[in-house]
Q: 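Once you've had a glance at the structure underneath, I'll fire off some questions.
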Amino acid sequence: MSLQHLLSAQVKQAVLEVYQVDLESVEFQATRREFAGDITVVVFPMLRFIKGNPVQIGETIGGYLVKQLDEVKNYNVVKGFLNIEISDSYYLNFFNTIKNDTDYGFVTTEGGSKAIMVEYSSPNTNKPLHLGHIRNNLLGYSVAEILKASGKKVYKTQIINDRGIHICKSMLAWERFGNGETPESTSLKGDKLAGNYYVKFDKEYKKQIQDLISKGKSEEEAKKEAPILIEAQEMLRKWEAGDEETVALWKRMNGWVYDGFDVTYKNLGVDFDVLYYESDTYLLGKEFVTEGLKSGVFFKEEDGSVWCDLTDEGLDKKIVLRADGTAVYMTQDIGTAIQRIKDHPDVGGMVYTVGNEQDYHFQVLFLILKKLGFEWAKNLYHLSYGMVDLPSGKMKSREGTVVDADDLIDDMAKTAEDISEELGKLDGYTNEEKQQLYKTIGLGALKYYILKVDPKKRILFDPKESIDFQGNTGPFIQYTYARIQSILRKADLSNSVLNSGVDVSLHDKERELIKQVQLFPEVIQNAAEHHSPALIANYTYDLVKEFNSFYQNVSILGADNEHEKIFRVQLSNTVANTIKNAFSILGIDVPERM
């Protein structure tokens, strides 16, 4: 039982015995630093049920707790706040129960509970991944890992947008301008090669628009009548009709792109359990539209198009089938969601990691699925996030002005190298060790900088600012972890000594550090509930700040006696393990030396 649960039960008991009032809940907060105490009971909310002076009520409850609980050694009341001091023995007992648990904070997956499917990445196969995809991948992957750590079974998935006019644009440009070049002949990653032709298509398209305008066409007419666009539209029609040559080219170029994506995902450190392809799913959902028509969820207009009226829910009318019977994105998403549950019957909810420009789309999708009667639809969540900007401005794929994900990962390692060399931190490392460390620091900086921000907020990403060995950054936390590893190496204590129980009198800094460690399991559950890696990131920074304060104020290896030294080394080891576990669910590695 956690300290808060224990205290809550006893406070309720005290109020019941003394005031004959059955409290539903007890409000706690951290004790302010200027007062003695470890945890504070807020008395004011009780005044709705208990008549009396808040100071006197606090005194009565405090006296009861000291008498009833060995864990409570003292208390003080400031206005309506009951500050409770917890005994060293409580913190030491807690510490001794968790210090050997390398999985501290993580909950084992509960048998029989419903799984959650987390969707992220979901790229188009006409270009490489860029900075926006990086935020998407890091958020989705981390939320999946947090949900796992909280005790849920999780499937990581993506739907790959491998069909449509944008794919045909790259295909047509390659056919026209490519001269048969391949990733092998150009030594380019396949996704980059396809992306180059997407840019080439756009340049040719703009040129043709200008030609048509110069011949007297309006801009609107020119955009519709540009020959290269008409050819791309014809190519899409051929693909949908199953034309052998078109499908063969589509498979070939998509194959190049998948190989390229795999390299990026590996470098970024994200993975997937199951993949869906839009080419397989774009017709899904039509049968459910037919069912919905029968049950009155949808209605048909005179032109034959099918709609869902959501005006009663404060939304508008949404088309789910065109007049010619073709599916829209919403139809596909309805079908894909249902198919996923069919494929994985143990799934009871889904998380969609998609930018906030799609907020309305997901409101509508979730509502339609509820109207269709699917019980699991109440457990759907849109992990909506803000865009990532750079100091240089916005990015546009078709104009070739995006920040390529691979280039950014490489640049982060290079920036880490420049700063590390400047600080002279890596004497005695081999070149291979240095390169690996630069990658770990650079990638850690990138991930932490993005994940420490609430997902809903827009980010201005500054690579140089993210790689700082001071402040709320990945490298600062990695450096603290490496410092602890150095302490452990110098301590040179055997495992049996490190695992032994030690009874000492706690220094204030030791108590504060244990209190911070104690919060970790609750932070994981909170982060899972709110789908927020930022809670994990900022908790880890607070833990590191607390450790550094402990390190500066308390001698670890120069302790007064062996018992204290062993305890402080054990405590440092537990902090390092907590940092490692927290960073693992953010997808960030920690270096043993730095």
Side-chain angles (χ1 to χ4, degrees), residues 1-95 454 505-527 529-530 532 534-536 538-550 553-554:
M1 185 186 287
S2 74
L3 176 64
Q4 200 159 300
H5 282 110
L6 181 69
L7 290 174
S8 181
Q10 288 298 321
V11 169
K12 286 177 184 177
Q13 189 60 36
V15 170
L16 185 61
E17 286 184 23
V18 178
Y19 301 102
Q20 288 75 54
V21 168
D22 194 359
L23 284 180
E24 276 188 26
S25 62
V26 179
E27 187 180 325
F28 292 94
Q29 64 182 38
T31 303
R32 286 167 58 176
R33 290 205 180 260
E34 61 264 37
F35 302 120
D38 298 289
I39 190 168
T40 295
V41 176
V42 186
V43 177
F44 294 114
M46 300 179 192
L47 299 180
R48 285 179 295 164
F49 312 102
I50 303 168
K51 296 282 184 286
N53 181 307
V55 173
Q56 186 53 54
I57 294 167
E59 289 283 350
T60 302
I61 296 170
Y64 182 93
L65 294 176
V66 168
K67 194 174 170 185
Q68 295 295 324
L69 291 174
D70 293 338
E71 290 84 355
V72 177
K73 70 173 182 183
N74 210 344
Y75 71 93
N76 63 83
V77 181
V78 181
K79 297 181 180 174
F81 298 93
L82 168 59
N83 304 316
I84 300 166
E85 292 181 57
I86 303 300
S87 66
D88 284 359
S89 61
Y90 167 78
Y91 288 115
L92 283 166
N93 287 339
F94 159 75
F95 176 71
D454 182 284
S505 179
L506 290 178
H507 187 285
D508 284 349
K509 294 295 179 185
E510 292 167 339
R511 188 183 298 105
E512 289 305 314
L513 195 48
I514 293 172
K515 279 161 68 175
Q516 189 65 26
V517 168
Q518 194 174 26
L519 293 174
F520 185 45
E522 184 187 336
V523 171
I524 289 177
Q525 295 302 322
N526 252 343
E529 187 183 337
H530 293 98
S532 178
L535 296 176
I536 300 287
N538 290 294
Y539 162 80
T540 313
Y541 177 54
D542 289 341
L543 175 63
V544 161
K545 280 194 298 185
E546 205 64 67
F547 177 82
N548 284 324
S549 178
F550 158 74
N553 288 279
V554 178

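Quick caveat, the model's predicted, so the values are computed rather than measured. Numbers for residues simply follow the sequence, beginning at 1.
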Q: Nearest 0.5 angstrom please: Y91 OH to L506 CG, how far?
A: 9.5 Å
Q: Run the numbers on F547 and F550 for ring-ring contact (aromatic ring centres under 6.0 Å, His included), then give the verdict.
A: CA-CA 5 Å; F547 177 82; F550 158 74; 5.6 Å; yes
Q: Please set out all donor-acceptor pairs under 3.5 angstrom arising from side-chain atoms of residues 67-74, sequence neighbours excluded.
A:
none

Q: Measuring from T540:OG1 to Q516:CD, what's the distance to the nearest 0.5 Å?
A: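 Going from the OG1 atom of T540 to the CD atom of Q516 covers 9.5 Å.
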Q: Looking only at non-hydrogen atoms, find the nearest pair between P45 and V42 and report the distance.
A: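 Scanning both residues, the minimum pair turns out to be CD-O, 3.3 Å.
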Q: Output the distance between atom CG (N538) and atom OG (S532), rounded to the nearest 0.5 Å.
A: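 If I round to the nearest 0.5 Å, the distance is 8.5 Å.
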Q: Do L7 and I39 come close enough that some side-chain heavy atom pair is under 4.5 Å?
A: yes
Q: What's the separation between atom CG in L535 and atom CG in D454, rounded to the nearest 0.5 Å?
A: 8.0 Å
Q: Taking L65 as the fixed residue, which of T60, L6, V11 is the one that meets the side chain to side chain contact (heavy atoms under 4.5 Å, CB included) rule?
A: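 One option only clears the test, and that one is V11.
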Q: Do the side chains of L543 and L513 get nearer than 4.5 Å, heavy atoms only?
A: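 Side-chain contact under 4.5 Å: yes.
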Q: According to side chain to side chain contact (heavy atoms under 4.5 Å, CB included), who are the partners of T40, at least two apart in sequence or on a separate chain?
A: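 In terms of side chain to side chain contact (heavy atoms under 4.5 Å, CB included), with neighbours along the sequence ignored, T40 is linked to Q29, T31, F81, N83.
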Q: Could you check if a side-chain atom of L3 sits within less than 4.5 angstrom of a side-chain atom of I86, using non-hydrogen atoms only?
A: yes
Q: First locate atom CG of N553, then atom NE2 of H507, and finally report the distance between them rounded to the nearest 0.5 Å.
A: 6.5 Å
Q: Among residues at least two apart in sequence or on other chains, which ones pass side chain to side chain contact (heavy atoms under 4.5 Å, CB included) with A30?
A: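 A30: no side chain to side chain contact (heavy atoms under 4.5 Å, CB included) contacts found.
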Q: With sequence neighbours left out, which residue pairs that include part of residues 507-527 fulfil the salt bridge (Lys or Arg N to Asp or Glu O under 4.0 Å) condition?
A: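 For residues 507-527, and leaving out neighbouring residues, the salt bridge (Lys or Arg N to Asp or Glu O under 4.0 Å) pairs sorted by first residue read D38-K515, D88-R511, D508-R511, E510-R568, E512-K515.
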Q: Just verifying a value: how many Å separate S8 OG and E27 CD, rounded to the nearest 0.5 Å?
A: 11.5 Å
Q: Once salt bridge (charged side-chain N to carboxylate O under 4.0 Å, His left out) is applied, do any residues pair with R33, and if so which ones, sequence neighbours excluded?
A: E546
Q: Excluding sequence neighbours, so at least two apart, what forms ring pair (Phe, Tyr, Trp, His ring centres under 6.0 Å) with F95?
A: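 Expected list: F567.
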Q: Testing the 3.5 Å rule here: is there a donor-acceptor pair between the side chains of Y75 and E59?
A: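 Yes, because at least one side-chain N or O of Y75 sits under 3.5 Å from a partner of the opposite role on E59.
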Q: Apply ring pair (Phe, Tyr, Trp, His ring centres under 6.0 Å) to Y64 and list each qualifying residue two or more places apart in sequence or on a separate chain.
A: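 Expected list: none.
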Q: Between K12 (side chain only) and E24 (backbone N and O only), is there a donor and an acceptor less than 3.5 Å apart?
A: yes
Q: Tell me every residue that passes salt bridge (charged side-chain N to carboxylate O under 4.0 Å, His left out) with D542, counting only those two or more places apart in sequence or in another chain.
A: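 Result, salt bridge (charged side-chain N to carboxylate O under 4.0 Å, His left out) vs D542: K545.
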Q: According to salt bridge (Lys or Arg N to Asp or Glu O under 4.0 Å), does anything in residues 77-87 pair up with another residue at least two apart or in another chain? List the pairs.
A: none
Q: Under the rule for side chain to side chain contact (heavy atoms under 4.5 Å, CB included), what residues qualify as partners of V21, not counting sequence neighbours?
A: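 Partners of V21 under the side chain to side chain contact (heavy atoms under 4.5 Å, CB included) test: V15, Y19, L23, F49, I50.
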Q: Salt bridge (charged side-chain N to carboxylate O under 4.0 Å, His left out) with E34: which residues, sequence neighbours excluded?
A: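 Here the qualifying residues are R32.
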Q: What residues, two or more places apart in sequence or in another chain, satisfy side chain to side chain contact (heavy atoms under 4.5 Å, CB included) together with P54?
A: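 P54: side chain to side chain contact (heavy atoms under 4.5 Å, CB included) contacts with V43, F44, L47.
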